[in-house]
Trainee: 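I am attaching a structure below and will ask some questions about it afterwards.
Everything numeric in this text was worked out from a predicted model, so none of it was measured.
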Amino acid sequence: MTAPALADQSASKYALAHKAGIVTIERMVAALRHNGAVSMGMLADSAVIATTSHSGLLSGPEAVGGMFGPFSDSQQFGLFTSNIYLAGSLTAARASGYLTGHIDAGSRLSFGATFVVDLMRQDDSADWKIAWVKVQLTWIEGNRSLRPDWTYPVHEKVWEIGDPLHVIVSELDAPWHLYPDNLLRSDVTRDVEDTYARYSWGIDQADFGLLVSSYAEDAAGTFSPMGPLNGRHAIVGVQKDFRRAWPWMQHYGEVLGSRVDGDMAAMIVGRVIPQAGKDADIFGAYYPLRLRRDGALWRIVWFEYRAGWFSSSDMDIDELLELTLSGKGDRPE
């Protein structure tokens with residue numbers, strides 16, 4: 001077999017491993033949604049552990065699968081995920097992502113969370129198994145009496161002695177740091193789209209090294225409500241100040257489309273605002289982003305945030321991508 005053929009075969013292995021890992025994470029979320037001890041038992045190692053900010057340390061598939069329960073017959077539970085990033089090798093991987101949940105029982109309790117999950121397997125022909133999970137609640141709205149035993153985040157005061165320790169510390173836990181030379185690459189389109197996950201995790205987790213890595217040095221854009229900014233130095237400086245007073249910040253996003261042209265790319269991301277209770281296809285804003293390849297990373301060179309509710313079915317995403325890639329659609333003011 002020729003060297004290019006071997007390289008293609010190797011790339012295909014990693015792409016398949018990436019796809020299988022993403023499917024495993026989706027199944028994990030489905031198991032959590034349905035209080036699924038049985039489902040979790042099929043997905044997880046028998047010694048699986050979850051460290052959670054709301055329910056402490058949980059051991060074994062049954063406890064991990066029921067981390068958001070128990071649910072009475074009168075309670076309905078919805079759980080959704082976004083911003084997933086997966087990195088690793090053919091036999092060990094870590095993913096990060098966002099969760100939003102709603103518990104309804106006449107009244108409603110809504111919450112947001114970040115998570116990291118470790119996946120392991122014996123070899124590249126085996127199924128991925130969940131080995132370890134971390135879940136950190138980030139925001140809460142509604143009737144807390146629906147979960148009186150949970151430990152809730154407190155954002156109304158500065159740190160005090162005795163406050164609970166953080167479950168997730170991005171600089172130590174995020175997959176970008178554990179696997180800086182990620183081998184689990186799917187394709188160039190996914191590499192581009194993963195840039196939004198890196199940007200959002202960086203600003204939301206106050207991991208400013210990741211945030212810096214998301215921008216090219218000559219980046220520019222219009223950053224509502226901060227206005228036009230030029231240069232990575234200015235952008236990151238202002239975003240650090242903007243982030244400092246908003247510890248529960250969480251930028252849920254769905255990539256609505258992307259396009260790659262050589263070393264340049266464009267991406268349109270819909271901003272999901274789960275607290276608003278809108279349908280899945282309704283977004284509160286969108287980001288037209290232009291990116292440039294820099295080695296193994298894609299970095300943002302043009303950034304816009306356009307606020308206003310819309311349905312993606314009402315937008316011509318292909319036209320918007322073309323305008324964003326060419327720069328003809330930029331709104332500098």
Trainee: With a 4.5 Å cut-off on side-chain heavy-atom distances among I, L, V, M, F, W and Y, is there a chain of contacts connecting Val238 to Leu210?
Mentor: yes

Trainee: Counting N and O atoms only, with roles assigned by atom type, does the side chain of Arg94 sit under 3.5 Å from a partner on the main chain of Pro175, one being a donor and the other an acceptor?
Mentor: no

Trainee: Between Leu86 and Tyr179, is there a shared hydrophobic cluster once you connect ILVMFWY residues whose side-chain heavy atoms come closer than 4.5 Å?
Mentor: no

Trainee: Measure centre to centre between the rings of Tyr199 and Phe303, then say whether the value is under 6.0 Å.
Mentor: yes

Trainee: Quickly, which of Tyr286, Trp298, Tyr287 forms a ring pair (Phe, Tyr, Trp, His ring centres under 6.0 Å) with Tyr196? Name it, please.
Mentor: Tyr287

Trainee: Any chance you could measure Glu322, atom CD, to Asp316, atom CG, to the nearest 0.5 Å?
Mentor: 9.0 Å

Trainee: Heavy-atom count around Glu217 CD within 6.0 Å, excluding the residue itself: above 12?
Mentor: no

Trainee: Is there a donor-acceptor contact under 3.5 Å from the side chain of Asn83 to the main chain of Gly253?
Mentor: yes

Trainee: Taking all non-hydrogen atoms of both residues, which atom of Leu137 and which atom of Ser53 are closest, and how far apart?
Mentor: N-OG, 2.9 Å

Trainee: Let me know which of Asn182, Leu184, Asp124 forms a side-chain contact (heavy atoms from CB on, under 4.5 Å) with Tyr14.
Mentor: Leu184

Trainee: Starting from the C-alpha separation in whole Å, work towards a yes-or-no answer on side chain to side chain contact (heavy atoms under 4.5 Å, CB included) for Ile103 and Phe71.
Mentor: CA-CA 9 Å; Ile103 303 170; Phe71 298 97; 4.3 Å; yes

Trainee: Any heavy-atom pair between the side chains of Trp132 and Asp45 that's under 4.5 Å?
Mentor: no

Trainee: Does any part of the side chain of His34, heavy atoms only, come nearer than 4.5 Å to the side chain of Ser39, both counted from C-beta?
Mentor: no

Trainee: Which heavy atom of Arg190 sits nearest a heavy atom of Ile84, and at what distance?
Mentor: NH2-O, 3.2 Å

Trainee: Checking Asp330 side chain against Pro332 main chain: does a donor-acceptor pair fall under 3.5 Å?
Mentor: no

Trainee: Shortest non-hydrogen contact from Ala197 to Ser200?
Mentor: O-OG, 3.2 Å

Trainee: Any side-chain heavy atom of Pro225 within less than 4.5 Å of one from Tyr305?
Mentor: no

Trainee: Could you go step by step and tell me if Tyr98 and His251 meet the ring pair (Phe, Tyr, Trp, His ring centres under 6.0 Å) rule?
Mentor: CA-CA 9 Å; Tyr98 291 176; His251 285 82; 8.5 Å; no

Trainee: With a 3.5 Å distance limit and no angle check, can you tell me whether Asp187 reaches the backbone of Thr189 through a side-chain donor-acceptor pair?
Mentor: yes

Trainee: If hydrophobic clusters are built from ILVMFWY residues whose side chains come within less than 4.5 Å, do Tyr85 and Leu297 share one?
Mentor: no

Trainee: Apply the hydrophobic cluster definition, ILVMFWY joined by side-chain contacts under 4.5 Å directly or through others, and give me every member besides Phe80.
Mentor: none

Trainee: Find out if a path of hydrophobic residues (ILVMFWY) with successive side-chain heavy-atom gaps under 4.5 Å connects Val64 to Met120.
Mentor: no

Trainee: Can you tell me if Trp128 uses its side chain to pair, donor with acceptor, with the backbone of Ala17 under 3.5 Å?
Mentor: yes

Trainee: Is the closest side-chain heavy-atom distance between Leu119 and Ile130 below 4.5 Å?
Mentor: yes

Trainee: So, taking the atom named CZ in Arg243 and the one named CD in Gln205, what distance separates them when rounded to the nearest 0.5 Å?
Mentor: 7.5 Å

Trainee: Please name all residues satisfying side chain to side chain contact (heavy atoms under 4.5 Å, CB included) with Thr324, sequence neighbours left out, ordered by chain then number.
Mentor: Ala266, Ile268, Pro288, Arg290, Leu320

Trainee: Determine, stepwise, if the pair Met42 / Arg27 fulfils side chain to side chain contact (heavy atoms under 4.5 Å, CB included).
Mentor: CA-CA 10 Å; Met42 298 174 64; Arg27 289 174 176 168; over 6 Å; no

Trainee: What's the shortest heavy-atom distance between Met226 and Gln239, and which atoms?
Mentor: CE-CG, 4.3 Å

Trainee: Once rounded to the nearest 0.5 Å, what's the spacing between atom OG of Ser82 and atom CD of Gln250?
Mentor: 7.5 Å

Trainee: Please find the pair of heavy atoms, one from Asn143 and one from Ser107, that lie closest to each other, and give the distance.
Mentor: ND2-OG, 2.8 Å

Trainee: In this structure, which one of Ile168, Asp173, Val167, Leu99 forms a side-chain contact (heavy atoms from CB on, under 4.5 Å) with Thr114?
Mentor: Ile168

Trainee: Report, as yes or no, whether the 6.0 Å neighbourhood of atom CD on Glu254 holds more than 12 heavy atoms from other residues, nucleotides or ligands.
Mentor: yes

Trainee: Taking it one step at a time, do Ser55 and Met67 satisfy side chain to side chain contact (heavy atoms under 4.5 Å, CB included)?
Mentor: CA-CA 7 Å; Ser55 291; Met67 72 168 64; 5.7 Å; no

Trainee: Rounded to the nearest 0.5 Å, what's the gap from CG on Asp314 to CD1 on Ile282? Could you check?
Mentor: 7.5 Å

Trainee: Where is the tightest heavy-atom contact between Leu256 and Ile317, given as atom of each residue plus distance?
Mentor: O-CG2, 3.8 Å

Trainee: Find the distance between CG (Leu146) and CZ (Phe77) and round it off to the nearest 0.5 Å.
Mentor: 11.5 Å

Trainee: Hey, does the side chain of Gln275 reach the backbone of Glu141 with a donor-acceptor pair shorter than 3.5 angstrom?
Mentor: no

Trainee: Should we count CZ of Arg293 as having more than 12 external heavy atoms under 6.0 Å?
Mentor: yes

Trainee: Check whether the side chains of Tyr152 and Arg147 place a donor and an acceptor atom closer than 3.5 Å, and report yes or no.
Mentor: no

Trainee: Given side chain to side chain contact (heavy atoms under 4.5 Å, CB included), test Phe283 with Val269 step by step and report yes or no.
Mentor: CA-CA 10 Å; Phe283 302 91; Val269 180; over 6 Å; no

Trainee: Would you indicate whether the side-chain heavy atoms of Met28 and Thr24 approach each other to under 4.5 Å?
Mentor: no

Trainee: Nearest 0.5 Å please: distance from the NE2 atom of His166 over to the NZ atom of Lys134.
Mentor: 12.0 Å

Trainee: Indicate the ring-plane relationship of Phe111 and Trp150, choosing parallel, tilted or perpendicular according to the 30° and 60° boundaries.
Mentor: perpendicular

Trainee: Can you tell which of Arg232, Arg292, Arg299 makes a side chain to side chain donor-acceptor pair (under 3.5 Å) with Asp218?
Mentor: Arg292

Trainee: Do Thr81 and Glu26 come close enough that some side-chain heavy atom pair is under 4.5 Å?
Mentor: no

Trainee: So, does Asp123 use its side chain to make a donor-acceptor pair with the main chain of Ala126 at under 3.5 Å?
Mentor: yes

Trainee: Group every Ile, Leu, Val, Met, Phe, Trp and Tyr by side-chain heavy-atom contacts under 4.5 Å, then state whether Ile273 and Trp201 land in the same group.
Mentor: no

Trainee: Kindly indicate whether the side chain of Tyr252, heavy atoms from C-beta on, has any atom under 4.5 Å from the side chain of Asp204.
Mentor: no

